[in-house]
Amino acid sequence: MKNTAFAAVSAVALACAAPAAAGPQAEVLHWWTSGGEAKSAAVLQQEFADNGGTWTDMPVAGGGGDAAMTALRARVLSGNAPTAVQLKGPAIQEWYEEGVLADISSVAEAEGWGDVLPGSIAEHMKCEGKWCAAPVNVHRVDWIWANAALLEANGIEMPQTWEDFNAAADKLMAAGITPLAHGGQAWQDATVFEAVALGILGPEDFRKAFVDLDMDTLKSGKMAAVFDQMRKMRGFVDANFPGRDWNLATSMVMNGEAAFQIMGDWAKGEFLAAGKEPGKDFLCASVPGDGFLYNVDSFAMFEVDGEDKQAGQDLLAKLIVGPKFQEVFNLNKGSIPARVDVKLDAFDTCAHLSAKDMGDSADNGSLLPSYAHGMALRGAQSGAITDVVTAHFNSDMSSAEAVQMLADAVANSL
C-alpha cells in the first residue's frame, strides 16, 4: 500500500517537474565557420530562437564543404540525419534520389516562393517538381578583390583583360609584392580556374565545357589557352600557399600582403566583418570577360522523426526565404538575396554591381552555374575536372597534356 502510494506521488511529482512541450527543434549542419560566415549563421540562429525554436549547431570547417559532406554521409548511414543541411546544386538531387529528403512544398507554397525567386534559382530547389530545399542567397564566384592602397601606390587600375592582370602582376612582383593571394586547396584552384575559363572561353563555350561536358570544347585550343593562363597564375602566388584557407588569403589582401584575390563574394563578407569599406579599403570587379557565375547556398531538410523536428524544419524554411533574413543575412555574408523583391538600399556598391550584372546576364543568357562550387555538375564529374586542374597547377604539366587529361577524366567519370 505504501509502495503504491509512493509510486503515485512520485508520478505526480515527475509530471509537475516535466518541462512544457518542446518547441521547434533543428540540428543544422553547415560549413560557415570563418568570421563573416559565422556572423551570418548567427543571424539565422537568432531569428530561429526569436520564433521559439531551439537550434543545435553542427559546423564543419572547410570552405568547399567537402568535410561537411563526409560528416553528413556518416550521419545518414547511421540513421541519424541532421534536421537541416547546407546543400546546393546537383547535390540536392543526389540526396533526394537516396530517398532521405523531406518535402517542404507546403511551406514554399504558403510563402509564395515561386513568385519571388528567379526561375533558374527555383529549379535548383525542386526535386521532381516538389520543393526540397530553401535558397539563402546568390553568390557571384567570378570576382577579383584588391587592396586599394597597394594598387594606388603602384599606379595600377583594376584589370579589364587578362593581359592587364598579367601586366599588373609583373609590376607588383618587381616591387616585391605578392600579386595573387591564394590557398592551395583543390576547390580554390578550381575557383580560379573557372574564373579564368569564363573569361577566355566566353559564356557559350563555358556552358558547353562545364555544364554540357562537350568533348570538342574540352579539347579545344581555347581550353589550352585557359591552362596557359593558369600556368601564369601559378607564378603569381607566394611560396606558402599550400593548404592555406581562403579567408587567410583574403586577410593577405586586407593586410597589404598581397594585391589581388580571385574568390566569390563571401570574401567581401570577411572585408566587411573586419570593418573595411568597399571603394576605400578594397576594390571589387568581375574577372575579365563576360558572364556571371553563381553559387547559391541553400538548406535541404532531411527526413526526421518527431513533431518538434518537423516543426523546426518548417520554421527554418520559412525564415530562410523570409525577406527579413534574406536582407540581414546577405548584408553580413557578402552575397545578394535570392528573393528579387528585397530592396538593396542598405547594400554596398559591390552588391549593387552584382545584382545588376546578374539581371543583365539572366537576360542575355550568360548567367551560369559554377562548376567549382557544386552548382553545375554532379560530384563525379566536377571532382574529375578539379583533380586535373590541381594536378596541372602543382606541376610542370604542359597545357596540351592538361587538356588531354581533362577530356579523359571527364569521359571516364560519365
Using the rule given for side-chain hydrogen bond (donor to acceptor under 3.5 Å, both in side chains), can you reason through T217 versus D205, listing the C-alpha separation, both sets of side-chain angles and the distance that settles it, and then say yes or no? CA-CA 7 Å; T217 309; D205 282 347; 4.6 Å; no
We want to know whether N364 and S366 form a side-chain donor-acceptor pair, criterion being a heavy-atom distance below 3.5 angstrom. yes
Quick one: do E111 and R339 make a salt bridge, cutoff under 4.0 Å? no
Can you establish whether the number of heavy atoms outside D290 located under 6.0 Å from its atom CG is more than 12? no
When every non-hydrogen atom of V138 is compared with those of P337, the smallest separation belongs to CG2-O, 4.3 Å
Could you tell me the separation between the CG atom of L272 and the NZ atom of K333, rounded to the nearest 0.5 Å? 12.0 Å
Does E27 offer a backbone N or O that forms a donor-acceptor pair with the side chain of T83 under 3.5 Å? yes
Using only heavy-atom distances, determine whether the side chains of Y96 and E128 contain a donor-acceptor pair under 3.5 Å. yes
Minimum side-chain heavy-atom gap V60-M69 below 4.5 Å: no
Anything under 30° is parallel, anything over 60° is perpendicular, the rest tilted; go ahead and classify F193 against F227. tilted
Less than 4.0 angstrom from a charged side-chain N to a carboxylate O is my criterion; do D50 and K324 meet it? no
Looking at D348 and C350, what are the two nearest heavy atoms and their distance? OD1-N, 2.9 Å
Is the distance between the ring centroids of F165 and F260 under 6.0 Å? yes
Does any N or O in the side chain of Q326 come within less than 3.5 Å of the main-chain N or O of A338, such that one atom is a donor and the other an acceptor? yes
Using a 6.0 Å cut-off, check whether atom CD of E97 has over 12 heavy atoms from anything other than its own residue. yes
Taking side chain as C-beta onward, heavy atoms only, is Q381 less than 4.5 Å from L414? yes
Taking side chain as C-beta onward, heavy atoms only, is D341 less than 4.5 Å from P323? no
In Å, rounded to the nearest 0.5 Å, how long is the span from CG of L213 to CD1 of I385? 5.5 Å
Does the side chain of E327 come within less than 4.5 Å of F347's, by heavy atoms? yes
Counting C-beta onward and ignoring hydrogens, is there a side-chain heavy-atom pair between D189 and H182 closer than 4.5 Å? yes
Short question: side chain of R231, backbone of S398 - any donor-acceptor pair under 3.5 Å? no
Is the gap between the ring centers of W162 and F236 under 6.0 Å? no
Strictly distance-based, threshold 3.5 Å: is any side-chain N or O of D245 a donor or acceptor partner for the main-chain N or O of N247? no
Between R378 and Q93, is any pair of side-chain heavy atoms under 4.5 Å apart? yes
Looking at Q313 and A26, would you say the former's side chain and the latter's main chain have a donor-acceptor pair under 3.5 Å? no
Any donor-acceptor pair under 3.5 Å linking the side chain of S354 with the backbone of A351? no
Would you check, one step at a time, whether the test side-chain contact (heavy atoms from CB on, under 4.5 Å) holds for E270 with K276? CA-CA 9 Å; E270 297 298 295; K276 304 297 183 182; over 6 Å; no
With distance as the sole criterion, is a donor-acceptor pair present between the side chains of E194 and S370 under 3.5 Å? yes
Would a distance-only check, ignoring hydrogens and angles, find a side-chain to backbone donor-acceptor pair under 3.5 Å from W145 to M263? yes
Within the side chain of S399, is there an N or O that forms a donor-acceptor pair under 3.5 Å with the backbone of D228? yes
S78 side chain to R75 backbone, donor-acceptor under 3.5 Å: yes
If you count every heavy atom of other residues, nucleotides or ligands that lies below 6.0 Å from E94 atom CD, does the total exceed 12? yes
Start with the C-alpha gap between V28 and F48, add the side-chain angles, then the distance that decides, and say whether side-chain contact (heavy atoms from CB on, under 4.5 Å) holds. CA-CA 11 Å; V28 184; F48 192 73; over 6 Å; no
Please walk me through it: do M158 and D164 pass side-chain contact (heavy atoms from CB on, under 4.5 Å)? CA-CA 8 Å; M158 286 294 275; D164 289 346; over 6 Å; no
So which heavy atom on F325 is nearest to which on L319, and how close? CB-O, 3.2 Å
Q261 to W246 - nearest heavy-atom pair and separation: NE2-O, 3.3 Å
Any side-chain heavy-atom pair of M233 and I262 under 4.5 Å: yes
Let's go through S335 and D265 carefully: what are the C-alpha distance in whole Å and the side-chain angles of both, what is the deciding distance for side-chain contact (heavy atoms from CB on, under 4.5 Å) to 0.1 Å, and is it a yes or a no? CA-CA 6 Å; S335 43; D265 47 22; 4.2 Å; yes
Within this structure, what is the NZ-CD1 distance for the pair K356 and I336, rounded to the nearest 0.5 Å? 12.5 Å
Measure the acute angle between the ring planes of W266 and H139, then classify it against the limits of 30° and 60° as parallel, tilted or perpendicular. perpendicular
Would you indicate whether K309, at its atom NZ, is surrounded by more than 12 heavy atoms from other residues, nucleotides or ligands within a distance under 6.0 Å? no
Can you name the nearest heavy-atom pair linking P90 to M375, along with the distance? CD-O, 3.4 Å
Measuring from atom CZ of F210 to atom CE of M223, what distance do you get when rounded to the nearest 0.5 angstrom? 3.5 Å
Near D305 CG, under 6.0 Å, is it more than 12 heavy atoms from other residues, nucleotides or ligands? no
Take atom NZ in K318; do more than 12 heavy atoms of anything else shown fall under 6.0 Å from it? no
If I compare all heavy atoms of I200 with all of Q229, which pair ends up nearest, and what's the gap? CD1-CB, 3.8 Å
Rounded to the nearest 0.5 angstrom, the CG-CZ distance for L29 and F302 is 8.5 Å
As an exercise, state the distance from CG of L367 to CE of M358, rounded to the nearest 0.5 Å. 7.0 Å
Under 4.5 Å between any side-chain heavy atoms of H392 and M405, yes or no? no
In terms of relative ring orientation, are W32 and F299 parallel, tilted or perpendicular, with 30° and 60° separating the classes? perpendicular
Please confirm whether the backbone N or O of G23 pairs with a side-chain atom of Q25, one donor and one acceptor, at under 3.5 Å? yes
